[in-house]
J.: 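Supplied in C-alpha cells, the structure appears directly below.
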Amino acid sequence: MTNQKPSIPRGTRDFGPDQMARRNYIFDKIRTVYQRYGFQPLETPTLENLSVLMGRYGEEGDQLLYKVLNTGDFLNGVTPQDLEAGSKKAAYKLSEKGLRYDLTVPFARYVVMNRGELTFPFRRYQIQPVWRADRPQKGRYREFYQCDADVVGTDSLLCEAEIVAMVHEVMGSLGIRDFCLKINNRKILTGIAETIGAAGLEGPLFVAIDKLDKIGKEKVEEELRERGFSDNSIRKLQPIFRPLSSNREMFENLQDWLHASPTGQRGVEELAKLWRFIKQMGLNEKKIQLDISLARGLSYYTGAIFEVKAIGPGGVPVQIGSISGGGRYDNLTESFGLKGVSGVGISFGVDRIYDVMEELGLFPENQTITTKLLFTNFDAEAEAYALPLLQRARQAGINAEMYPDATKLKKQLDYADRKRIPFVVLIGSEEMKSGQLSLKNMTTGEQETMPFDEVLGRFEKFEGLKV
RNA sequence: GAUGGUGUAGCUCAGUUGGUUAGAGCGCCAGAUUGUGGUUCUGGAGGUCGCGGGUUCGAGACCCGUCAUUGUCCCCA
C-alpha cells in the first residue's frame with residue numbers, strides 16, 4: 001500500500017465528540033417524547049433481504065437502494081445472458097441483500113414475522129441510520145439517521161392526533177419554537193384526481209402539486225400539461241391554487257369541491273375528526289396548517305400525511321427542507337402476507353434537525369462530555385500514590401483520568417485546558433508528604449490545598465451545579 | 001440521469017498578462033518558564049501545487065483528459 005490520503009465515501013460523515021454531544025442531545029429529546037407516549041424501542045438489522053426492500057419505494061427508490069454483493073463466489077450461476085441484460089438486472093443476480101432504506105418497511109417486516117407475539121395496537125420507536133444511494137446535496141446525505149415512531153394495528157385517528165402532539169413536544173423540547181406542521185390526506189388527493197377527471201393519474205398529479213410552494217402555479221400547470229393532463233382537468237384544479245386560508249375555511253371549500261368523490265369525502269371526514277382530537281388535546285393550532293398541495297413522495301401512504309418545517313427569524317422557513325414527515329399506510333404489511341393491519345407513523349430527520357438548530361443557534365452550550373478531574377503524573381511514585389485515589393474518584397461518580405505519562409506539567413495542564421477539564425489535582429512529593437493535595441480550578445486559575453476527601457466533597461457540590 | 005463551482009502546508013485560503021528559491025493566517029513542535037494551562041515573545045518543522053498528458057525557453061496559472069469534492073435540477077429526510 002502506498003501512502004494514500006484517507007477519505008470517507010461522499011455523502012457520509014464522521015461525528016466527533018462535539019458533534020456527538022449535540023446529536024445525542026437531539027436523540028435523547030426525541031426518545032424521551034416517544035417513550036412518554038408509550039412507544040417501545042426496536043432495532044432491525046442493517047442488512048435486509050432485497051426481496052423485503054424492492055418495489056416498496058417506487059421505481060426511483062429501487063435504484064437508490066444500496067445492494068450488497070453476495071459473499072463467496074458471487075459470479076456463481078451468473079450467465080453471460082444475465083450480464084448482457086444490463087447492470088440493473090444483473091445486480092439482482094449478484095446481490096440478494098441491501099442496506100435498509102428507511103425504518104418503516106423493516107418495521108412492517110418485523111410486525112409480520114412476529115405477529116403472534118406482539119400486542120396490538122403495537123407502538124414502537126426506532127432510531128437507526130438508513131442509506132440511500134442518491135446524489136448528496138445540502139441537507140442530504142447517503143447515510144443519515146431517522147427517528148421513527150409508528151402505531152400499527154388500529155385505524156383510529158387518535159394515533160394521528162398523538163403524532164401531531166408528539167411533533168409539538170419534540171419541537172418544544174428542542175427549542176424549535178417556530179415551526180409549521182402541514183397536514184393533508186391522500187384520500188383528498190385521490191378525490192381531487194377523481195374530481196378533475198384524472199383518476200388513475202394520482203402519481204404525476206401528486207408530484208406536480210407537491211412543488212406548488214416551490215415553483216408556483218404557472219410551472220405546476222406547465223408540468224401537468226407536459227404530463228398529459230387535459231386543459232379541462234387543469235381548469236378544474238384551480239381551487240388548489242387558492243392561497244392557504246384558515247383551516248376552517250379550507251374544510252368548507254374542500255367539502256364543496258370534492259362533493260362528487262366518495263374517497264375525497266372520506267378524506268375530508270378523516271381530517272375533520274383529526275382536528276377534533278387536536279382540539280380536545282389542547283394543541284396549539286396555530287402551527288398546524290391544512291395544505292392540500294402536500295403530497296410526499298413515498299407511495300405507500302393512504303391516509304393522513306404530515307410534514308414539518310422549521311421557521312427561522314422573520315417567519316421564513318429554514319432552507320433545509322422538511323425535518324420530519326410521516327403518514328398513514330394501510331397496505332404495508334399486506335405484501336408480506338398480513339392483511340388488515342393499518343399503521344401510522346412519524347419520522348424525524350436528525351441530520352436536518354441538527355443543521356436547523358445550528359443555523360438558528362439553538363444548541364445549549366457545552367454539551368460535550370468530558371473528564372471533570374485530571375490527575376497529574378509527576379513520576380512513578382506519585383503515580384502509585386494517585387492511582388487508588390483516581391479509582392475512588394471514579395467510584396464516586398466523577399469522570400476522572402490520570403495523565404498517562406510523567407511529562408512536563410506544562411504539557412499536562414495544556415492537555416487539561418484543551419480538553420476543557422475543569423479541575424486538576426496535582427500530586428508531587430510535597431503533596432504526598434503532607435496529604436494535602438493541590439486542586440487547581442482551570443476556569444479561575446485558582447489553586448487550593450486540601451485532603452482528597454475534601455476534593456470529592458467539592459465535586460458533590462459541583463455536580464449539582466453541573467460543572 | 002442533467003448541469004455549475006472548487007482541488008495549492010494539518011486547516012482556511014492568497015498567488016498579478018505564464019517568469020528566479022510557491023506565501024499568509026490559524027494549528028503543530030521547541031524554547032523563554034527543570035512544579036503550573038489559556039495571554040505574549042523567539043525559533044523551527046511542514047508542499048510530488050489532486051492525478052496524467054499537452055502547449056511553451058519557462059506552467060501552480062493556459063489546453064485536453066481523468067479522479068475527488070461541493071452545490072443546483074429530478075427525487076427525497
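Sequence lines set the chain letters: A, B, ... in the order given, protein chains first and strands last, and positions in each chain run from 1.
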J.: Name the closest nucleotide to the A:Q137 side chain, picking from B:C75, B:U72, B:G35.
T.: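 Shortest atom-to-atom distance from the side chain points to B:U72.
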J.: Does a side-chain N-to-carboxylate-O contact under 4.0 Å join A:D351 and A:R13?
T.: yes
J.: Using a distance-only test with no angle check, is there a side-chain donor-acceptor pair under 3.5 angstrom linking A:Q126 and A:D148?
T.: no
J.: Nearest to the side chain of A:R132, heavy atoms from C-beta on, is which of B:U36, B:C75, B:A77?
T.: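 Closest nucleotide among those given: B:A77.
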J.: Taking the C1' atom in each of B:A9 and B:G46, what is the distance between them to the nearest angstrom?
T.: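 6 Å, rounded to whole Å.
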J.: Among residues 443-452 of chain A, which ones have heavy-atom contacts with RNA chain B below 4.0 Å?
T.: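 Result for residues 443-452 of chain A: A:T443, A:G445, A:Q447, sorted by number.
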J.: With rounding to whole Å, what would you report as the distance between B:A45 and B:A2 at their C1' atoms?
T.: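 It works out to 47 Å between them.
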J.: Can you check the distance between B:A77 and B:U16, where both ends of the measurement are the C1' atom (answer in whole Å)?
T.: 47 Å
J.: Nearest of B:G37, B:C75, B:A77 to any side-chain atom of A:K410?
T.: B:G37
J.: Is A:G428 touching bases, backbone alone, or none of the nucleic acid, heavy atoms closer than 4.0 Å?
T.: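 Counting heavy atoms under 4.0 Å across all strands, the contact made by A:G428 includes a base.
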J.: Looking at every heavy atom in both A:E431 and A:Q436, which two are closest together, and how far apart are they?
T.: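 Taking every non-hydrogen atom into account, CG-O, 3.2 Å.
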J.: When the distance from CZ of A:R140 to P of B:U72 is rounded to whole Å, what number comes out?
T.: 9 Å
J.: Could you write out each protein N or O paired with an N or O of nucleotides 5-10 of chain B at a distance under 3.5 Å?
T.:
none

J.: Quick one: A:D355 CG to B:C76 P, roughly how many Å, whole number?
T.: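 Spelled out: CG on A:D355 to P on B:C76 is 20 Å.
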J.: On RNA chain B, does the nearest nucleotide to A:E430 precede the nearest nucleotide to A:R352 from the 5' side, or the other way round? Give the residue.
T.: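 Final value for this comparison: A:E430.
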J.: Over all strands shown, is A:G139 touching base, sugar-phosphate only, or nothing at heavy-atom distances under 4.0 angstrom?
T.: base
J.: I'd like to check, for A:F144, whether its ring lies over the base of B:A77 with centroids under 5.5 Å apart and a plane angle smaller than 30°.
T.: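 Stack criterion met.
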J.: Among side-chain atoms of A:R394 and A:Q391, is any donor-acceptor pair under 3.5 angstrom?
T.: yes
J.: Using whole Å, what does the distance between atom C1' of nucleotide B:A77 and atom CD1 of A:I353 come to?
T.: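 Distance, rounded to whole Å: 9 Å.
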J.: Looking only at side-chain atoms of A:Q146, point me to the closest of B:C75, B:U36, B:A77.
T.: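 The nucleotide sitting nearest to the side chain is B:A77.
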J.: What's the closest nucleotide to the A:R10 side chain, out of B:U70, B:U36, B:C76?
T.: B:U70
J.: How long is the line joining CG of A:D414 and P of B:G37, in whole Å?
T.: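 Going from CG in A:D414 over to P in B:G37 covers 9 Å.
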J.: Measure the distance from CD1 on A:I30 to P on B:A77 and round it to the nearest whole Å.
T.: 15 Å
J.: Indicate, yes or no, whether a donor-acceptor pair under 3.5 Å links the base of B:G37 to the side chain of A:D417.
T.: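 Yes, a donor-acceptor pair under 3.5 Å.
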J.: Using a 4.0 Å heavy-atom cut-off, does A:F378 contact any base of the nucleic acid, only the sugar-phosphate backbone, or nothing at all?
T.: base
J.: Test: ring pair (Phe, Tyr, Trp, His ring centres under 6.0 Å). Region: residues 11-33 of chain A. Which pairs qualify, not counting sequence neighbours?
T.: A:F27-A:Y145
J.: Looking only at atom C1', what distance separates B:C51 and B:U6, rounded to whole Å?
T.: 16 Å
J.: A:F206 CZ to B:C76 C1': how many Å, rounded?
T.: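 Computing the A:F206:CZ to B:C76:C1' distance gives 17 Å.
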J.: Dot-bracket notation for RNA chain B is requested: 5' to 3', Watson-Crick or G-U wobble pairs only, both distances under 3.5 Å, with ( ), [ ], | and . as defined.
T.: (((((((..((((.....[...)))).(((((.......))))).....(((((..]....))))))))))))....
J.: Does any non-hydrogen side-chain atom of A:Y34 lie less than 4.5 Å from one of A:F348?
T.: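 Yes, close enough: below the 4.5 Å cut-off.
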J.: Classify the side chain of A:R135 and the base of B:C74 as holding, or not holding, a donor-acceptor pair under 3.5 Å.
T.: no
J.: Would you call A:E448 and A:R458 a salt bridge, taking side-chain N to carboxylate O under 4.0 Å as the test?
T.: yes
J.: By nearest atom, which of the nucleotides B:G37, B:U36, B:C76 is closest to the A:L426 side chain?
T.: B:U36
J.: Can you give each donor-acceptor pair under 3.5 Å made by side-chain atoms of residues 326-333 of chain A, sequence neighbours left out, with the distance rounded to 0.1 Å?
T.:
{"residue": "A:R328", "atom": "NE", "partner": "A:E160", "partner atom": "OE2", "Å": "2.6"}
{"residue": "A:R328", "atom": "NH1", "partner": "A:T154", "partner atom": "O", "Å": "3.0"}
{"residue": "A:R328", "atom": "NH1", "partner": "A:S342", "partner atom": "OG", "Å": "2.7"}
{"residue": "A:R328", "atom": "NH2", "partner": "A:S156", "partner atom": "O", "Å": "3.1"}
{"residue": "A:R328", "atom": "NH2", "partner": "A:E160", "partner atom": "OE1", "Å": "2.9"}
{"residue": "A:R328", "atom": "NH2", "partner": "A:E160", "partner atom": "OE2", "Å": "3.4"}
{"residue": "A:Y329", "atom": "OH", "partner": "A:D150", "partner atom": "OD2", "Å": "2.6"}
{"residue": "A:D330", "atom": "OD1", "partner": "A:S342", "partner atom": "OG", "Å": "2.5"}
{"residue": "A:D330", "atom": "OD2", "partner": "A:T302", "partner atom": "OG1", "Å": "3.1"}
{"residue": "A:T333", "atom": "OG1", "partner": "A:L338", "partner atom": "O", "Å": "2.8"}

J.: Rounding to the closest angstrom, what is the interatomic distance between B:G52 and B:C67 at atom P?
T.: 15 Å
J.: Please classify the nucleic acid contact of A:V207 as base, sugar-phosphate, or nothing, using heavy-atom distances under 4.0 Å.
T.: sugar-phosphate
J.: Atom CZ of A:R227 to atom C1' of B:C74: distance rounded to whole Å?
T.: 9 Å
J.: What heavy-atom pair brings A:A393 and A:L373 nearest, and what distance separates the two atoms?
T.: CB-CD2, 4.3 Å
J.: Does a side-chain heavy-atom distance below 4.5 Å link A:Q128 with A:P106?
T.: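 A side-chain contact is absent here, since even the closest heavy-atom pair is not under 4.5 Å.
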J.: At under 4.0 Å between heavy atoms, what does A:S322 touch on the DNA or RNA strands: base, sugar-phosphate, or nothing?
T.: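 Here A:S322 touches the backbone only, sparing every base.
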J.: Looking only at the side chain of A:Y141 (C-beta and beyond, no hydrogens), which of the listed nucleotides B:A77, B:G35, B:C74 gets closest?
T.: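 Within the option list, the nearest is B:A77.
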J.: Nearest whole Å is fine: how far is B:C76 C1' from A:K138 NZ?
T.: 16 Å
J.: Between B:A30 and B:U20, how far is it from one C1' atom to the other, in whole Å?
T.: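 B:A30 and B:U20 have their C1' atoms separated by 33 Å.
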J.: For a quick check under 3.5 Å, do A:T44 and A:R109 share a side-chain donor-acceptor pair by atom type?
T.: no
J.: With rounding to whole Å, what would you report as the distance between B:U21 and B:C26 at their C1' atoms?
T.: 25 Å
J.: Just to be sure I understand the rule, does A:Q412 reach a base, reach only the sugar-phosphate, or reach nothing, if contact means heavy atoms closer than 4.0 Å?
T.: nothing
J.: Have a look at A:K309 and say if it touches a base, only the backbone sugar-phosphate, or nothing, with a 4.0 Å heavy-atom cut-off.
T.: nothing
J.: Does the distance from a Lys or Arg side-chain N to an Asp or Glu carboxylate O, for A:R352 and A:D355, drop under 4.0 Å?
T.: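 Looking at A:R352 and A:D355, the cut-off is not met.
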J.: Have a look at A:K411 and say if it touches a base, only the backbone sugar-phosphate, or nothing, with a 4.0 Å heavy-atom cut-off.
T.: nothing
J.: What's A:S429 touching, base or sugar-phosphate or nothing? Going by heavy atoms closer than 4.0 Å.
T.: base
J.: Could you pull out all residues at least two apart from A:F179 that satisfy ring-ring contact (aromatic ring centres under 6.0 Å, His included)?
T.: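 Here the qualifying residues are A:H168.
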J.: Using the C1' atom in both, what is the distance from B:A68 to B:A24, to the nearest Å?
T.: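 26 Å, rounded to whole Å.
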J.: Would A:R142 and A:Y66 count as a cation-pi pair here, with the cationic atom under 6.0 angstrom from the ring centre and within 45° of the axis?
T.: no
J.: Looking at A:R392 and A:D453, is there a salt bridge between them, counting it only when a charged N and a carboxylate O are closer than 4.0 Å?
T.: yes
J.: Between the base of B:G35 and the side chain of A:E431, is there a donor and acceptor pair under 3.5 angstrom?
T.: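 Indeed there is one.
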